[in-house]
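Since we're looking at a predicted model, the values are computed, not measured. These values consider heavy atoms only, across backbone and side chains, with no hydrogens, waters or symmetry-generated copies. Counting starts at 1 for both ligands and their atoms, in listed order. Throughout, residue positions are numbered sequentially from 1 according to the sequence presented.
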Amino acid sequence: MASESIHPASAPSRRVVVAAVGAAGLALTLNACGSEDDSSSSSSSSSSDTAAGGSVLAKTSDIPEGGGKIFKDSGVVVTQPTAGEFKAFSSKCTHQGCAVTGITNGVITCPCHKSEFSVTDGSVKKGPATQPLPEEKITVSGDSISLA
Ligand code: FES
């Protein structure tokens, strides 16, 4: 009696193993399809990054002569030191990384510890910062200023 009950019990367990392997194989096939979809969607998002790099930041008429304008979202300050000459600098203060917030009398000012930077070349006019604001590349085309 005892030996008869062992055989029926072991047979179904083998079927379960085969079924599990079959399901795993199916899952692998589905995953392979899923990863192909991922790579195609990421390549399409990188093409939109390229478009964003060339987007217009401002009109030349937005930038006051002898001063400038801060573009917080882009992290840049665009200045016009002399008529028709445009420059751009990082808006991140080189002292402790605060965002600069003001431009008055030809200087870009940081609110945190009152460092001042020249609108002409980003150089330090007043500490505690000791390094100039890094220059950012821009292109001026007609009356549009874009980040290069
Ligand atoms: S972080 Fe700008 S002056 Fe200190």
* To do: Using a cut-off of 2.8 Å, count how many protein N, O or S atoms are strictly closer to atom 4 (Fe) of ligand 1.
  =>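 N, O or S atoms of the protein closer than 2.8 Å: 2.
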* Kindly state each residue pair satisfying ring-ring contact (aromatic ring centres under 6.0 Å, His included) with at least one member in residues 118-137, sequence neighbours excluded. =>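 Output for this query is empty, none listed.
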* **Contact list for residues 65-104, test disulfide bond (SG atoms under 2.5 Å apart), sequence neighbours left out** =>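 Qualifying pairs: C98-C112.
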* Taking all non-hydrogen atoms of both residues, which atom of V78 and which atom of I63 are closest, and how far apart? ->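 Scanning both residues completely, I find the closest heavy atoms to be O-CG2, 3.6 Å.
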* Asked: Looking only at heavy atoms, which two atoms of V119 and G66 are closest? And how far apart?
  ->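 Heavy atoms of V119 and G66 come nearest at CG2-O, 4.0 Å.
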* **Side-chain (S146) to main-chain (A148) donor-acceptor, under 3.5 angstrom** =>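 Answer holds: no.
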* Asked: Going by the side-chain hydrogen bond (donor to acceptor under 3.5 Å, both in side chains) test, which pairs reach into residues 117-131, not counting sequence neighbours?
  ->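 Listed by first then second residue: S118-D121, D121-S123.
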